[in-house]
Amino acid sequence: MKKKIPKLLMKSLNTEPEFNEESNVEDIEIKKQDISPDIEKNLETFKKIFTVPDNADVKLREFTIQQLNRKAFLLYISTMADLQNIMAGIEGPLIDSEHPGSKIKDIVSYPIEKTSTNIGDITEFIAAGVTALFVDGDPDCYLFETTKIRGRSIEKSENEVIVKGAKEAFNEKVIDNIALIRKKIKNENLIVKTQTISKRSRNTVFLVYQKDLVNEELLQNVKERLKSFETDSTIDLSILEQYLEERPRSLFPTIVYTERPDRACAFIEEGHIILLMENSPSCLILPATFWAMFHSPEDHYLRAPYGNFIRILRFLALFVACFTSPIYLAITNFHVGMIPPDLLMAIAGTRERVPFPSIIEVLMMELAFELIREAGLRVPSPIGPTIGIVGALILGQAAVQANIISPIVIIVIALSGLSSFIIIDISMNFAIRIARFLFIFTAGFIGIYGVTALFIGGLFYLVSLKSFGTSYFAPMTPHSFSSKDLLIRHIPVKERFRPGYLKPRDMVKQRKG
């Protein structure tokens with residue numbers, strides 16, 4: 001009730017006008033109908049829907065099937081279809097074949113994918129690259145899977161680089177991405193389901209999970225969430241992620257975004273669900289916990305001591321990235337008694353000629369570091385290292401010599417900046433960088449008390465987050481029975497169970513003897 005009152009109030013204050021759809025209304029009604037046995041009527045209907053001949057890449061070929069002595073036409077999008085197969089396997093035999101046969105499937109040499117009668121369904125197939133054949137007097141439309149969309153091949157992962165283990169990454173072709181997953185999980189229980197999520201672009205999401213592991217309640221929750229939003233277009237998983245999250249304005253991500261098939265497969269085998277889309281070189285993993293953002297596939301490829309060393313280093317980097325600059329500010333401004341006298345004299349000596357207060361000094365360098373980082377990412381790759389050298393070395397050295405920045409601040413910013421690079425998840429990386437600025441402000445105004453208060457408030461907030469009904473800090477809090485892979489990874493033979501918070505159908509992944 002408490003939540004409904006503000007919503008009703010906001011709704012009453014909302015002054016946005018309402019607009020009714022005026023375009024495309026006639027086509028929407030036509031798409032609900034079935035095709036006609038009269039080929040001339042079908043020809044007129046589909047010419048209107050696809051705006052033929054104004055639409056340059058939509059090809060409509062009319063001809064007569066010699067063996068049946070009936071008129072027919074083919075309709076396809078030439079930029080998405082395999083023209084060679086259409087000519088050799090469909091159009092050629094229909095026009096020239098002299099083999100006896102009274103059915104279309106006996107005449108063509110290309111396999112018929114399916115038949116359909118609904119105009120809307122046929123339109124969607126053609127828009128996806130399928131070739132449609134209409135025959136005079138036939139109540140069905142024959143559909144041939146001739147889609148051939150060009151794209152880049154399977155390459156190395158650029159954002160999740162590892163030293164040991166598989167290197168291949170997802171690309172923009174969803175068929176390749178599903179094949180990469182099936183190559184790693186050779187199991188008949190691996191399910192790939194499709195769901196259309198947008199009205200005009202008709203983008204399709206592929207849900208991938210193992211039916212003998214996934215929790216049915218979680219699966220229904222994900223499907224209902226996908227159905228719940230009405231939008232004209234969702235062209236990429238990064239946009240879909242923002243629709244799916246319960247708190248899209250939250251600083252911390254609640255869905256794992258990865259471009260590595262091995263990482264996706266590891267989550268599927270624990271009972272998670274992953275989402276794929278055409279044109280997206282990545283996948284979304286649902287649900288996600290705070291710990292999943294810090295686990296890397298490389299942790300498992302390395303021997304347990306080595307993997308744990310990297311994982312501990314990663315968690316240490318989280319604290320260094322967040323708190324190095326704020327603690328420097330808090331101690332030098334409010335708690336100088338915590339510093340040994342010799343160190344205090346050294347810091348005071350380096351800041352003697354700097355005219356700015358330390359908070360301005362730190363903010364200037366933090367901002368400069370973020371600018372150099374973003375500039376290095378956006379510029380063409382041959383210029384990227386140059387930006388780093390100019391920014392980090394020349395600019396930093398010049399700033400110190402000009403007495404604008406003290407040398408110790410350069411060390412502090414470099415340490416916190418380098419630590420943030422170790423955090424592998426892109427969204428979590430952004431969250432830590434933004435959180436660092438919040439800690440800097442509180443440290444600059446209230447000192448260590450402000451940093452502590454913000455840290456405790458942040459912990460309360462993180463504990464309140466949920467991802468598709470799963471607590472963000474699970475299985476640590478609330479505690480649930482799970483494998484021992486959390487802060488420290490144990491040797492593989494000890495990891496016998498799947499995460500309990502997912503409530504998988506089969507909790508044990510490795511049985512004794």
Side-chain angles (χ1 to χ4, degrees), residues 21-83 85-97 99 101-149 194-204 232-233 278:
E21 183 176 344
E22 294 177 0
S23 67
N24 227 15
V25 175
E26 195 180 340
D27 281 356
I28 290 170
E29 288 303 316
I30 291 172
K31 286 174 187 173
K32 293 176 184 173
Q33 301 170 12
D34 285 343
I35 59 170
S36 166
D38 182 4
I39 196 166
E40 295 300 331
K41 193 174 177 184
N42 291 333
L43 197 61
E44 187 184 341
T45 303
F46 281 90
K47 272 186 175 178
K48 183 175 182 304
I49 290 174
F50 283 98
T51 324
V52 177
D54 294 343
N55 219 341
D57 65 340
V58 177
K59 302 297 179 190
L60 194 152
R61 295 187 183 276
E62 296 178 66
F63 53 88
T64 300
I65 304 174
Q66 297 294 337
Q67 287 171 266
L68 305 178
N69 195 24
R70 287 155 68 182
K71 287 184 177 179
F73 72 87
L74 281 170
L75 186 63
Y76 56 88
I77 298 175
S78 59
T79 46
M80 297 179 74
D82 188 338
L83 302 181
N85 276 336
I86 293 172
M87 288 299 296
I90 306 170
E91 192 175 348
L94 286 170
I95 296 172
D96 300 327
S97 177
H99 294 291
S102 58
K103 294 182 180 176
I104 296 296
K105 68 177 183 180
D106 297 331
I107 301 172
V108 295
S109 59
Y110 200 85
I112 297 172
E113 179 71 14
K114 62 184 293 186
T115 59
S116 179
T117 57
N118 181 263
I119 293 175
D121 290 345
I122 296 167
T123 307
E124 283 187 28
F125 278 113
I126 295 171
V130 169
T131 298
L133 171 66
F134 298 83
V135 181
D136 192 20
D138 205 326
D140 291 323
C141 168
Y142 300 95
L143 299 164
F144 300 87
E145 179 51 79
T146 53
T147 311
K148 187 180 181 183
I149 302 172
T194 59
Q195 192 163 333
T196 305
I197 53 164
S198 55
K199 193 173 78 175
R200 291 184 191 278
S201 298
R202 292 194 286 271
N203 305 114
T204 304
D232 277 3
S233 173
E278 192 70 65

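Just so it is clear, the structure is predicted and the values come from calculations on it, not from any experiment.
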Could you check Asp138 against Arg70 for side chain to side chain contact (heavy atoms under 4.5 Å, CB included), going step by step and ending with a plain yes or no? CA-CA 10 Å; Asp138 205 326; Arg70 287 155 68 182; 3.9 Å; yes
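- Taking the side chain as every heavy atom from C-beta outward, Val58 and Ile126 never approach each other to under 4.5 Å.
- The two residues Pro93 and Val108 make their nearest non-hydrogen contact at CB-CA, 4.2 Å.
- Among Thr146, Asp82, Thr131, the single residue meeting the side chain to side chain contact (heavy atoms under 4.5 Å, CB included) criterion with Tyr110 is Thr146.
- The shortest distance between side-chain heavy atoms of Val52 and Phe46 does not fall below 4.5 Å.
- Rounded to the nearest 0.5 angstrom, Asn118 CG and Lys32 NZ are separated by 11.0 Å.
- Rounding to the nearest 0.5 angstrom, the gap separating the OH atom in Tyr76 from the CD1 atom in Ile86 is 5.0 Å.
- For the atom pair CD1 (Ile49) and CD (Glu44), the distance works out to 11.0 Å, reported to the nearest 0.5 Å.
- Annotation for Lys41: atom NZ does not count as buried by contact number, only 12 or fewer foreign heavy atoms lying within 6.0 Å.
- Here the side chain of Ser198 pairs a donor or acceptor atom with the backbone of Asn203 at under 3.5 angstrom.
- Ile122 and Ala132 get closest at one heavy-atom pair: CG2-CB, 4.2 Å.
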Residue pair Lys31, Glu124: steps toward the side chain to side chain contact (heavy atoms under 4.5 Å, CB included) verdict: CA-CA 10 Å; Lys31 286 174 187 173; Glu124 283 187 28; over 6 Å; no
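- With rounding to the nearest 0.5 angstrom, the CZ atom of Phe134 is 5.5 Å from the CD1 atom of Ile35.
- Atoms CG and CG, on Leu68 and Leu94 in that order, are 8.5 Å from each other to the nearest 0.5 Å.
- A donor and an acceptor atom, one from each side chain of Thr79 and Asp57, are located under 3.5 Å apart.
- Scanning all heavy atoms of the two residues, the minimum distance from Phe144 to Val130 falls at O-CG1, 3.1 Å.
- Using a 4.5 Å heavy-atom cutoff, the side chains of Asn69 and Thr64 are in contact.
- If you take CG on Asp34 and CG on Asp121, they are separated by 9.0 Å, rounding to the nearest 0.5 Å.
- Looking only at side-chain heavy atoms (C-beta outward), Asn55 and Ile77 stay at 4.5 Å or farther from each other.
- With hydrogens and angles ignored, the 3.5 Å screen pairs no side-chain donor or acceptor of Arg61 with any backbone N or O of Leu74.
- Scanning all heavy atoms of the two residues, the minimum distance from Asp136 to Ile39 falls at OD1-N, 3.3 Å.
- In this structure the side chain of Ile112 never reaches within 4.5 angstrom of the side chain of Leu133, judged on heavy atoms.
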